[in-house]
Amino acid sequence: MPPTEVRELTFAQAVKEAIAEEMRRDATVCIFGEDVAEAGTPFKVLSGLVEEFGTKRVIDTPISEAGFTGLAVGAAMTGLRPIVDIMFGDFITLTMDQMVNQAAKVHYMSGGKWNVPMVMRTTLGATRRSGAQHSQSLHAWFSHVPGLKVVLPSTPYDAKGLLKSAIRDRNPVVFFEDKMMYKLRGPVPEEEYLIPLGVADVKRVGSDISLVATSSMVQVALAAADLLQEIGISAEVIDPRTTWPLDEKTLIESAKKTSRAIVIDEGYGRYGVTAELASVISEGAFYSLDGPVIRMGAMHVPIPFSPPLEDATVPTDKTVFEVARKLCGRS
Amino acid sequence: MPPTEVRELTFAQAVKEAIAEEMRRDATVCIFGEDVAEAGTPFKVLSGLVEEFGTKRVIDTPISEAGFTGLAVGAAMTGLRPIVDIMFGDFITLTMDQMVNQAAKVHYMSGGKWNVPMVMRTTLGATRRSGAQHSQSLHAWFSHVPGLKVVLPSTPYDAKGLLKSAIRDRNPVVFFEDKMMYKLRGPVPEEEYLIPLGVADVKRVGSDISLVATSSMVQVALAAADLLQEIGISAEVIDPRTTWPLDEKTLIESAKKTSRAIVIDEGYGRYGVTAELASVISEGAFYSLDGPVIRMGAMHVPIPFSPPLEDATVPTDKTVFEVARKLCGRS
Amino acid sequence: MTATTGTSKIHPALDTKLLLHMYHQMASIRAFEEQVNELYTHALMPGLAHSYAGQEAVAVGICAALTRDDYITSTHRGHGHCLAKGASLDRMFAELLGKEAGYCKGKGGSMHIADPDTGNLGANAIVGGSLGIATGAAFSSKYLDLGRVAVCFFGDGALAQGLLYEELNLAELWKLPVLYICENNLYTEYTHYSETTAGDILHRATAFGVHAESVNGQNVREVYAVASRLVERARKGGGPAFLLCETYRYGGHHVGDINRTYYRSKQEEHLWLTERDPILNFAGQLIAEQVTDAAGLQEIESSVKAEMAKAVEFALNAPYPSPEKAEEDVYAAN
Amino acid sequence: MTATTGTSKIHPALDTKLLLHMYHQMASIRAFEEQVNELYTHALMPGLAHSYAGQEAVAVGICAALTRDDYITSTHRGHGHCLAKGASLDRMFAELLGKEAGYCKGKGGSMHIADPDTGNLGANAIVGGSLGIATGAAFSSKYLDLGRVAVCFFGDGALAQGLLYEELNLAELWKLPVLYICENNLYTEYTHYSETTAGDILHRATAFGVHAESVNGQNVREVYAVASRLVERARKGGGPAFLLCETYRYGGHHVGDINRTYYRSKQEEHLWLTERDPILNFAGQLIAEQVTDAAGLQEIESSVKAEMAKAVEFALNAPYPSPEKAEEDVYAAN
Ligand SMILES: Cc1ncc(C[n+]2csc(CCOP(=O)(O)OP(=O)(O)O)c2C)c(N)n1
Ligand SMILES: Cc1ncc(C[n+]2csc(CCOP(=O)(O)OP(=O)(O)O)c2C)c(N)n1
Ligand SMILES: [Mg+2]
Ligand SMILES: [Mg+2]
């Protein structure tokens, strides 16, 4: 956890600061994407970067997601540390061959000889009224693929520390940013720090139930914990921060301690990240659990545009609160 | 289960017969793929089809997986029932946008007005010494996507009956064939039959432990059940047959009855199909389980070429036997 | 395989009814987009929208050459295509507002309008995402001998998607009745197309053997003339064609893109708005050629205004779908 | 943007050493592939392999124009490229047999040979799968000012992958030192390329502004000459180029593809084998031009034979990796 009296940044600022610091530190770091330069991305996350580092290192691309991702794989193998920016997580569909059949496997297939130190930054999260092709949270796919690492920051502090580690990692790392969280403010110290990949964070300590939440759902879980506290239930909120490598131990220990767990993730509810997290806990804490591990994900439907429909598809503090209350045997 | 005295076919023959029957029945059924016509696919699954139906309906394509999959989506919307053949399941990486952002969402996004009655046939399965880019079992990805149905046949009988249902379905269906199973023989009646999507099959009745297995792993589970029988353990083998829709009830009932379950699937072990199946059972049969649901999938590594390495990455009858024995408290 | 660069100056004597129909449609699209902007700035519309204002002559000229049964696919900037193909204003607005009465019951939104009744296979929020769908519709038409043509609208940005070249190859190999309509409005979001597009656009089609032409996308009669010719050609089995339409979007990439000077100049915007406006210039021609007079056009404008007001009111008053509806329409019943 | 169709008849006076080196390499690749076939038919090799026999002049002519530091990417039919770029026979065979001593410790196999020491970024079993990787290596070379050129080998089948056109566009926009070498051996698995390829192949590159030429892929000197020119051009900042090499694979698509008459005639195979063999014809020239004599070539053949026997023996005797090794090399240590 960050020290108490520090500067506040938005999530977007934290992301940019991480990239800027790493670009200053290492001349081989560069970034590719659609409208990343002058426009600073449509989300304005990278505003100012091209002014400092120039168009040689902050590179606007054509709308060729497969093309520039593949190019980044080759660049990573030959001396650069490219970051590719995929505007909406929904567009990773176009990069799957380059990420999964190439980036993820190069190191292994070459018997450990070539490395692919690249980062793909992309977004997840619904409720932006963007429709079914601009709202998905597809991180479960990459989490399924050996050879990739997958990062899901939930605070400005984590975003910065994890992204710096991702950029320095010698493997392909996919970094998912919740687009609804870009304006979230939080403490980010001025001094440099790194957060290692594969270490979960206890966002709130509790004793009655474990809420294991990722990315956008961490704030939801924290809000639910507040509601639970009002009725005397003490919830522990755990953020795995990376789905791979996965800090199984922290998840299991928490569930063993509280004897109840809910896992919450914004991906589609079926065959998603919640299934793995729940399985890890169910297996690891089996003899300590008072009830089944409950999974909460996005409704298993394409994400609808209409506000009342879209809002109904994603877990909220209230729905988490209700499920937790029931699991704790309160009516 | 099929009646007892019937003709035997190989898995490949059963697949072809299903397609041929549906093509005879419905002139809008056609099939696209690389070398599907004269060559009858590299696996020879479709040999003879073009001779009967001609090149208008059995269509050789360029090596454009995204291109002809997208074309099939449009053809399905406008009156045809196309089947697309993706030679190796590893190449679905190239079709993800067309399958996930288009095919899966067209019906929903149009408020139920357009339909996409198409089938994608592809393969899964390792141990063929084909290397990391020709051996994956990536069905977990499609199972995660609302709007798609996913079929995993494990016998010639199931392959035929499920494929006929898939072709008649008004939704996009992905049909995964284990390429190591094409020569497997089994009973297939001459009379027409269909197997509905979403109904699990009890491949073997037992009372001590449930082995829930998919596709290539069903035969492995059955062989493990034989081994277990020798030491007096009665294993029930359940084949969900479709990961979506998923027949949760049959899985849960079996686990409730036996109080122990192992789920086995050839996809990568993490964030894969086993996680969902295990979660469904853990949640649904929680109070009946004597021990945690154990998951067995492919080792979480890119699939190696070298025979001793590759063989180590996939569950076998012996490894399933060992895990089951331990779960049943035998040493 | 031919490439006709340079706009051919064809002004066939179109009949009055068609000319006024096209004028009405263009005026209607312009007014629709102005209304959308109003809804956005008054926070009455969820999300964002991409205005077609400035490009009206393309959608209207192309769709005027089609029958109702012919297919189109559209893009994120799709209102104009949908309206030109025959969509009704009230259900369009209702969809943009996420209402049950919308074309997609509110499930689609601005970027996903679809309508089987008018052959609209759907707008698409993936750049280049409908290239396969349109090609497939053309495949069906040929396979089933329906005589329909499929039209795929896309922007200059989609020229960078590899899928385009896979589809051009398939369409030419199989001689499919599909038209690829590239609307070059000079920008992909915030970047000039010349920074993202190497080589020559028309050659990218002719290299695959696909017939290609370009046209002044601000002149509805020219667009209509070339489209009629290409549609006819496709219907007769002549195979696919590629049409590059030179055009301009007046507004930002989306309704929220207000400060644009970092990527394009005010002078440039001014030039297109004043000298190349497809509606203004068409109006001038119609009057000069005595197809109608100022009063006649004024009448059209008034009726467009009235239609628009009525449609927006309908949409604003229409109910939202109830939340349970989120779970419907995922799968078609068998 | 230029297209040179028709083979330019360039036979520069190459020095004897280079000529004999190229002959040796071609003979070596041919013998390697014959040996692979032996291993397959004797069930000594796991899985399948795709023989490069018949295409030797392409890999050898191109790689002779490269330095060791220059990069290549290869394909499923990659043995020739790897050997021409400098791979050693014993570790090649060891990899094909899945042995620990192989280039990839047995983890890659025939379709994934990779070797940083010779600039080999890796063979690739995805058709067109390495187009991005090669382009990216060229990007690095330019960014880091390394002066290296990246060569991407691929077959006619990859012309149907949209990724090719995305990369051509990027490479030309950014003037990257990359050569796209398309080996048209007339077939994609079991289908003639004309059934899968509309339009004109060279125009597919020139449409993106990429310089394109074609060459007789059975003549190693011509390949070398044009490659030298294009490599030089790329190294000097002239940007990417596309080279179409007309060639032929002698065997089946893979070692198990024995009955081929349903997709190509025996006469066709015979013609290429007898009249266009890159090694036979080159041998004839070398003798006619008195670069060497029959005995000189015989000596090369003998040494190739001896090297081959030694390498196979090494590989056959080498140990398999132990099963625990399966879990190593998934992630690079930080
Ligand atoms: C595959 C994909 N990549 C990126 C985007 C984000 N995006 C939406 S519109 C757009 C620009 C499209 O430019 P163009 O095709 O010229 O259409 P225009 O907006 O000019 O009408 C981009 C990059 C997207 N929707 N889909
Ligand atoms: C994306 C992809 N699709 C299909 C295949 C299966 N496949 C392997 S080789 C091949 C034919 C390739 O033809 P070409 O590119 O001409 O190379 P050649 O075999 O002639 O050397 C095909 C279809 C593949 N490996 N990758
Ligand atoms: Mg544009
Ligand atoms: Mg070929």
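Letters go in sequence order (proteins before strands), and every chain restarts at 1. Quantities reported herein were computed from a predicted structural model and do not represent experimental measurements.
- Only the side chain of D:L144 comes within contact range of chain A, judged by heavy atoms closer than 4.5 Å.
- Only the backbone of A:A27 comes within less than 4.5 Å of a heavy atom of chain D; no side-chain atom from C-beta onward does.
- In this structure, chain A has heavy atoms under 4.5 Å from both the backbone and the side chain of D:A137.
- Test D:L170, D:I133, D:L131 against A:L71 for side-chain contact (heavy atoms from CB on, under 4.5 Å) and you get one pass: D:L170.
- By number of non-hydrogen pairs under 4.5 angstrom with chain A, the leading residue of D:P116, D:A114, D:G132, D:A171 is D:P116.
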What's the verdict on ring pair (Phe, Tyr, Trp, His ring centres under 6.0 Å) for A:F32 and D:F139, showing C-alpha distance, side-chain angles and the deciding distance?
CA-CA 12 Å; A:F32 295 94; D:F139 183 91; 5.0 Å; yes
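- When each of A:V106, A:V73, A:L80, A:V116 is checked for heavy-atom pairs under 4.5 Å with chain D, A:L80 comes out on top.
- Only the side chain of A:I59 comes within less than 4.5 Å of a heavy atom in chain D; its backbone stays farther off.
- Across A:P62 and D:L173, no two heavy atoms sit closer than the pair CG-CD1, 3.7 Å.
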With 3.5 Å as the limit, can you list every donor-acceptor pair between chain D and chain A, backbone and side chains included?
from	atom 1	to	atom 2	distance (Å)
D:Y103	O	A:K113	NZ	2.2
D:K105	NZ	A:G111	O	3.1
D:N120	O	A:W114	NE1	3.0
D:N124	OD1	A:Q102	NE2	3.1
D:N124	ND2	A:Q102	OE1	2.8
D:G129	O	A:Q102	NE2	3.4
D:S140	OG	A:A75	O	3.1
D:S140	OG	A:T78	OG1	2.7
D:Y143	O	A:K56	NZ	2.9
D:Y143	OH	A:A27	O	2.8
D:Y143	OH	A:R57	NE	3.2
D:E166	OE1	A:G67	N	2.7
D:A326	O	A:Y108	OH	2.6
D:D329	O	A:Y108	N	3.4
D:Y331	OH	A:G147	N	3.1
D:Y331	OH	A:L148	N	3.4
D:Y331	OH	A:L148	O	2.6
D:Y331	OH	A:W244	NE1	3.1
D:A332	N	A:N171	OD1	2.7
D:A332	O	A:N171	ND2	2.9
D:A333	O	A:R170	NH1	2.6
D:N334	OD1	A:R170	N	2.7
D:N334	ND2	A:D169	OD1	3.4
D:N334	ND2	A:D169	OD2	2.9

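- Residue with the most contacts toward chain A among D:L176, D:L146, D:L164, D:L163: D:L163 (heavy-atom pairs, distance under 4.5 Å).
- Comparing A:G70, A:A76, A:G67 by heavy-atom pairs within less than 4.5 Å of chain D, the highest count is held by A:G67.
- Of the listed residues (A:G74, A:A103, A:A72), the one with the most heavy-atom contacts under 4.5 Å to chain D is A:G74.
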